[in-house]
Each structure stands twice: as structure tokens, then as C-alpha cells.
Amino acid sequence: MLKKSDLDKEHICCGFSDKKCKKGYELKKDWLRDQFDNGYVFRRIDARAKVFIEYGPAEKGWAPVEAPGYLLINCFWVSGQYKRRGYGKELLRMAFEEARVQGKAGLVTVAGTSKFHFMSDTGWLLKQGFTTCEKTMSGFSLLVKKITPDAQNPAFKDSVKSGACEGKEGLVVYYSDRCPFTEYYVNTVLTETAGKRKLPLTVVKLNSMEKAQTAPSPATIFSLFYKGRFITTDLSVCLDNRFDKVVKIQ
């Protein structure tokens with residue numbers, strides 16, 4: 001488990017090999033420093049790989065979710081050669097045990113009702129004992145694994161219920177420093193991609209917990225809207241050769 005004092009000398013698994021995202025990598029570390037003061041946890045295996053889980057008190061979570069008394073899982077990633085070796089189950093077990101020790105009601109997380117990019121695999125989580133307590137029109141599911149059976153179910157906040165954002169012109173993107181890739185891909189790559197197509201682009205950075213908790217999408221790492229309608233959590237949409245395949249311009 002990483003501690004605040006470790007961040008200057010230890011890697012945080014994601015983004016360390018992408019030099020273009022160096023600024024975002026440092027921003028993610030700064031974000032972690034602040035969140036560690038709120039009881040946030042970053043666990044990883046001892047390898048230079050994307051095998052880690054992040055979670056913290058849901059009341060302090062960067063997501064529009066009402067889940068008092070729960071731990072909220074954020075990023076949870078097992079990649080490449082480390083898949084199917086039990087690491088995911090072990091990381092999840094440790095998070096669940098920590099919730100038990102802290103006297104929490106259980107674990108809660110946001111995922112795609114169908115698999116969404118940059119989000120946990122819903123089907124796998126359901127096999128690990130999670131259940132679905134709510135779904136949105138835009139395709140997100142709120143999953144819970146309870147320790148206290150009669151605890152109140154978590155719920156999405158009203159800001160995500162419609163699946164739309166306030167801006168109805170062109171593209172609107174919401175992002176945060178929770179991921180080291182977003183700063184570069186939103187402010188450099190997507191800006192160039194939108195400009196090439198002469199599409200208006202509004203960038204909303206979720207730079208506070210309050211903003212994240214009232215966002216129009218539960219995916220506060222990255223969410224793209226077009227004409228007010230949610231499109232994707234897939235950061236690769238920023239790329240020129242991917243954009244038109246994902247965003248259907250009308």
C-alpha cells in the first residue's frame with residue numbers, strides 16, 4: 001500500500017512509460033497526496049505494471065454517488081501478463097477486508113452496464129459477489145457488495161439521472177486528475193481533433209470533490225458529450241483516427 005511519503009520515489013502503475021503524459025503523471029500524484037488525507041488507499045503489487053486498486057470513503061469520493069458508510073472503489077486495473085493470476089481477486093479481497101475492519105457497510109463502485117473503457121468489468125465484479133443497485137439511462141451501473149445486509153443501498157445523485165449535460169453545442173468533456181493520461185489527451189489531442197473538424201469544444205475540469213460529486217456523468221476520469229448527450233468514457237476518442245468511429249456527427 002502506497003503512503004503519502006512514498007509518492008516522490010515510487011511509481012503509481014499507470015502512465016509511467018508515456019513521456020507525453022509526464023505532466024499528468026505528476027498531477028495524479030498531487031491528487032493522491034490530497035486524497036490520502038481523506039483516507040484514500042492505493043494498493044498495488046510489487047511490479048512495474050498496471051496491477052492496482054484505489055478506494056476510499058464514499059463520502060469523500062470523486063463521483064456523483066450517495067453511499068454513506070461504504071468504501072468507494074475507483075480505479076481497479078489488472079493488465080497484460082498479470083491477468084488470470086488471481087491478483088484482481090486478491091486486491092478486491094483486501095479492499096473488502098479493510099471495509100470490514102473499518103466497520104463499513106461494504107464496497108460500492110461505478111461500472112458500465114455493458115463494458116465501458118477505463119472502467120472495471122461489470123460481469124467479473126458480479127461474479128465476485130457484487131449486485132446491481134441502480135442503472136442510468138446513459139449506460140452506467142452502480143454495484144455494491146455489502147457487509148451489512150440491511151444497509152441502505154447506494155444511489156446515483158440526481159445530476160446523472162438524465163444522462164445529459166448542460167452544454168448542448170458541440171463537444172463537452174469532463175475530466176479530472178484521477179488519471180495521468182487525461183491532461184494531455186484532453187487539452188492537446190482532443191483540442192486538435194475538434195479543431196480539425198471545426199467543432200466547438202468545452203472543457204470542464206473537475207478540480208474539486210464538490211464538482212466531481214455533482215458531475216453529469218459517474219465517470220469523472222473522462223466523459224465526452226456531444227450536443228448534450230453522453231457519448232463515451234473511452235479516452236482514445238480524442239485521437240484523430242478514432243474520433244469519427246465513436247462520435248456520429250449529425
Taking salt bridge (charged side-chain N to carboxylate O under 4.0 Å, His left out) as the definition, give me every residue that meets it alongside Lys196, ordered by chain and number, with sequence neighbours left out.
Asp240

What residues, two or more places apart in sequence or in another chain, satisfy salt bridge (charged side-chain N to carboxylate O under 4.0 Å, His left out) together with Lys115?
none

Give a yes or no on whether the backbone of [Y] and the side-chain of [X] come within a donor-acceptor separation of less than 3.5 Å.
X	Y	value
Thr220	Ala63	no
Lys28	Arg178	yes
Glu26	Lys22	no
Ser208	Lys211	yes
Ser159	Pro216	no
Ser141	Val110	no
Glu54	Ile73	no
Lys104	Val101	no

Residues in side chain to side chain donor-acceptor pair (under 3.5 Å) with [X], at least two apart?
X	result
Asp34	none
Thr182	none
Glu183	Tyr175, Asn187, Lys205

Pairs satisfying salt bridge (charged side-chain N to carboxylate O under 4.0 Å, His left out), at least one member in residues 126-153, at least two apart
Glu134-Lys161

Pair [X] + [Y]: ring centers closer than 6.0 Å:
X	Y	value
Phe42	Phe36	no
Trp31	Tyr40	yes
Tyr185	Phe222	no

Scan residues 189-211 for pairs that pass ring-ring contact (aromatic ring centres under 6.0 Å, His included), counting only residues two or more places apart or in two chains.
none

Rounded to the nearest 0.5 Å, what separates atom CG in Leu142 from atom OG1 in Thr136?
10.0 Å

When rounded to the nearest 0.5 Å, the distance separating CG of Leu171 from OG1 of Thr191 is 10.0 Å

Remaining members of Leu27's ILVMFWY cluster at a side-chain heavy-atom cut-off under 4.5 Å?
none

With a cutoff of under 4.5 Å between side-chain heavy atoms, which Ile, Leu, Val, Met, Phe, Trp and Tyr residues group with Met137?
none

Side chains of Phe225 and Cys165: does their closest heavy-atom pair fall under 4.5 Å?
yes

With heavy-atom distances below 4.5 Å as the criterion, would you say the side chains of Leu235 and His117 are in contact?
no

Does any pair with a residue in residues 59-71 pass side-chain hydrogen bond (donor to acceptor under 3.5 Å, both in side chains), and if so which ones, sequence neighbours excluded?
Gln35-Trp62

Ser236: what forms a side-chain contact (heavy atoms from CB on, under 4.5 Å) with it, not counting sequence neighbours?
Asp234, Leu239, Arg242

For Arg100, which residues count as a side-chain contact (heavy atoms from CB on, under 4.5 Å) partner, sequence neighbours excluded?
Phe96, Glu97, Ile147

Please say whether more than 12 non-hydrogen atoms of neighbouring residues, nucleotides or ligands are located less than 6.0 Å from CD in Gln102.
yes

Going hydrophobic residue to hydrophobic residue with side-chain gaps under 4.5 angstrom, can you get from Leu72 over to Tyr55?
no

